[in-house]
Amino acid sequence: MSESNLAERSDGRERLVSGAKVVAQALKTQDVNYMFGIVGIPVTEIALAAQEVGIRYIGMRNEQAACYAASAVGYLTGRPLIVIGGSSERSQETMGAFQEFPQVEACRLYSKFSARPSSIEAIPSIIEKAVRSSIYGRPGACYVDIPADFVNLQVNVNSIRYVECCMPPPVSMAESSAVCMAASVIRNAKQPLLIIGKGAAYARAEESIRKLVEQCKLPFLPTPMGKGVVPDNHPNCVGAARSRALQFADVIVLFGARLNWILHFGLPPRYQPDVKFIQVDICAEELGNNVRPAVTLLGDINAVTEQILEQFDKTPWQYPPESKWWKILREKMKSNEALSKEFAFKKSLPMNYYTVFYHIQEQLPRDCFVVSEGANTMDIGRTVLQNYLPRHRLDAGTFGTMGVGLGFAIASALVAKDRNPGQRVICVEGDSAFGFSGMEVETICRYNLPIILLVVNNNGIYQGFDADTWKEMLKFGDATTVAPPMCLLPHSHYEHVMIAFGGKGYFVQTPEELQKSLSQSLEDTTKPSLINIMIEPQATRKAQDFHWLTRSNM
């Protein structure tokens, strides 16, 4: 609070402070610097109070997108998502009050901490615990419920005691005997593989993991949001031979990566039946999920990696670069890269995914954030678009949730503007995914954020139809009965959405148009832009050894 708030009024009356201002100051005291939301009864005053104390308030167009943006800022800054919800007045509970709902109880299912302060005086301690809970252990969302009558209710300013900012998360380390065992298992591996997950990126473990990769000459594979912890163009990255690496490795070290659907649960036939997993994770409950690991290393991923490095410093060891395993991996990488280039260099129009991403990759700044969502758009994009820095790729992740893209892009752009002015955000969207939160283009233009939206448009969900086929199909009946459920309106001009709000829009159909529009968008740092990229409606991925996503009969 300011000095004037702490002092007694000159006329002798007590100084008062509203609940809204207490919420805002409590958040600021806990080093919360960004707030996303949509104002309305009863939270408008909280947003205004937040701005007064120096918190940056970003007004969104959809609450869902606001939560996505806040969660991405939490990932990038280390201050995970705190949801502040307004609820009905205490005196109206059980009476059918406006939007009455048991929010605290409902949110307990989905958050690490959920509470409603019993008084305005209790707000600072509740918010401190919410922030602390969100960053300690495995990071996660927390919920704080504010009754409507608290927002404008005023109390004596001297009755409020703000809790000082919570301490950084404690750094835990693995048992030394487990570390020794892990080093021994790695030394004896014939076909080792490191998998670098999102947890490693969040833990800021890039220096120690890169040192381990290079010192021990080990092949590594990043998960989608683990990309960039060690650069994608590093000679030890085997991302281009992903399936082969997973299927034949005999020892796999997981750095903050879960054996969930993204990694096919760690089970055959995707893996060898006798593969030895070494799990490094900050969450004890994650250890042993789906498979019985050979070694578990519970602790901070950066600290545990340093412990492993100590073992290899004491007794140096390198995996032979000319081993049969490396030969298998390099041959598969070479053949897969050749196949991708074959697709990329096809001259036929409309373009395919690989052609589009090849030309995008050629122009991307090395330090840009890459945000992506969609089905084939996201999956193919992550194999072609390179990341060279940690925490610079954000996508739909574990839950495969569509609609995250523009919220993630807005968060990335805000952090970029604050920390590294001039850094760009490239948001690669499928046309279906763009539809989930397309109105956030207005938010992007309102705050003039350095975002380039690339909508890879195949006229549908997974696949669509060209305009002529669409017209012919409608001759047989109403679209609700004859149009396949995955179809969208052909040749939709999404770029007009950006133009409508003052940004720049491009409609492209050829590689030359794509190159030119992207070049112009990168050069113009004064406005956001949207490039609507038309591709073959029936375009697909190259053939896969195993299903990446859930199976479908389509």
Chemist: Among Leu453, Val370, Leu454, Leu530, whose side-chain contact (heavy atoms from CB on, under 4.5 Å) with Cys427 holds?
Modeler: Leu453
Chemist: Would you call Lys211 and Glu207 a salt bridge, taking side-chain N to carboxylate O under 4.0 Å as the test?
Modeler: no
Chemist: Do Val280 and Leu297 pass the side chain to side chain contact (heavy atoms under 4.5 Å, CB included) test, and can you show the C-alpha distance, the side-chain angles, and the key distance before you say yes or no?
Modeler: CA-CA 5 Å; Val280 184; Leu297 301 174; 3.8 Å; yes
Chemist: With a 4.5 Å heavy-atom cut-off, do Asn448 and Pro528 have their side chains touching?
Modeler: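 A side-chain contact exists here, since the closest heavy-atom pair is under 4.5 Å.
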Chemist: Hey, could you give me each pair passing side chain to side chain donor-acceptor pair (under 3.5 Å) that has a residue in residues 144-155? Not counting sequence neighbours.
Modeler: Ser87-Asp145, Arg90-Asp149, Gln103-Asp145, Arg116-Asp145, Tyr143-Asp145
Chemist: Could you go through the side-chain hydrogen bond (donor to acceptor under 3.5 Å, both in side chains) check for Asn302 and Ser208 one step at a time?
Modeler: CA-CA 6 Å; Asn302 185 53; Ser208 58; 2.8 Å; yes
Chemist: Identify whether NZ of Lys or CZ of Arg in Lys417 sits under 6.0 Å from the centre of the six-membered ring of Tyr447 and within 45° of that ring's axis.
Modeler: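 Checked: cation-pi criterion not met.
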Chemist: Tell me whether Glu285 is salt-bridged to Arg138, with the criterion being a basic N under 4.0 Å from an acidic carboxylate O.
Modeler: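 Looking at Arg138 together with Glu285, the answer is no, because their closest N to O distance does not fall below 4.0 Å.
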Chemist: Please name the pair of heavy atoms, one in Ile301 and one in Ala200, separated by the smallest distance, quoted to 0.1 Å.
Modeler: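 Closest heavy-atom pair between Ile301 and Ala200: CD1-N, 3.8 Å.
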Chemist: Do you know the tightest heavy-atom contact between Gly407 and Met60?
Modeler: CA-CE, 4.3 Å
Chemist: Would Phe255 and Phe220 count as a close aromatic pair, with their ring centres under 6.0 Å?
Modeler: no
Chemist: Are side-chain heavy atoms of Val371 and Ser412 found at a separation under 4.5 Å?
Modeler: yes
